Amino acid sequence: PGLEVKWHSPFRRTFILYNSTAYLSSLPHRNAYVGGGYEVETSHFEPLAAFKLDGAAVGMLHALHEPSSPGL
């Protein structure tokens, strides 16, 4: 999911930092649910969770990138 955010970021450089051994479980990408496996079977998240998280992160990056309104 981090690469998806980087690809769609409006900033020239975007760095993704995260904890790879998260407490809840891993957050598999959408294609992982097709193949199945350990990450998918043990994940506590719905199949579209990574997609939703990516969309929210990219939306926030775009909001940060917009120039602030004059007069504020």
Side-chain angles (χ1 to χ4, degrees):
L3 285 178
E4 191 77 24
V5 174
K6 287 180 74 164
W7 290 330
H8 295 290
S9 172
F11 294 99
R12 183 174 177 192
R13 293 185 182 118
T14 301
F15 298 94
I16 306 298
L17 304 173
Y18 61 94
N19 182 358
S20 63
T21 56
Y23 177 73
L24 290 174
S25 69
S26 62
L27 184 61
H29 54 84
R30 290 185 293 172
N31 293 340
Y33 285 91
V34 175
Y38 177 78
E39 285 186 341
V40 173
E41 292 173 8
T42 60
S43 178
H44 298 285
F45 300 101
E46 64 179 78
L48 291 178
F51 179 73
K52 291 176 182 179
L53 180 63
D54 291 344
V58 170
M60 286 187 272
L61 288 171
H62 280 279
L64 285 171
H65 191 260
E66 292 176 1
S68 58
S69 301
L72 286 180

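As the structure is a prediction and not an experimental result, all values here were calculated from the model. Side chains included, hydrogens not; waters and symmetry mates left out as well; all remaining heavy atoms used.
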Closest approach of A57 to V5 (non-hydrogen atoms, all atoms of both residues): CB-CG2, 4.0 Å
Does anything in residues 28-44 pair up under salt bridge (charged side-chain N to carboxylate O under 4.0 Å, His left out), and if so which pairs, sequence neighbours excluded?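 Applying salt bridge (charged side-chain N to carboxylate O under 4.0 Å, His left out) to every pair that reaches into residues 28-44, excluding sequence neighbours, yields nothing.
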Could you name each residue pair satisfying salt bridge (charged side-chain N to carboxylate O under 4.0 Å, His left out) that touches residues 48-62, not counting sequence neighbours? E46-K52
Please check if V58 and L64 belong to a single hydrophobic cluster, counting links between Ile, Leu, Val, Met, Phe, Trp and Tyr side chain heavy atoms closer than 4.5 Å. yes
Report the residues that fulfil ring-ring contact (aromatic ring centres under 6.0 Å, His included) with F51, sequence neighbours left out, ordered by chain and then residue number.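 Not a single residue meets the ring-ring contact (aromatic ring centres under 6.0 Å, His included) criterion with F51.
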Kindly write out the residues that satisfy side-chain contact (heavy atoms from CB on, under 4.5 Å) with A50, not counting sequence neighbours, or none if the list is empty. P1, L27
Would you please name every residue forming a side-chain contact (heavy atoms from CB on, under 4.5 Å) with P47, sequence neighbours left out? Y33
Sort and list the pairs that fulfil side-chain hydrogen bond (donor to acceptor under 3.5 Å, both in side chains) and have at least one residue in residues 2-11, not counting sequence neighbours.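 For residues 2-11: E4-H8, S9-T14.
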Would you mind listing the cluster partners of M60? Hydrophobic ones only (ILVMFWY), side-chain contacts under 4.5 Å, chaining allowed. none
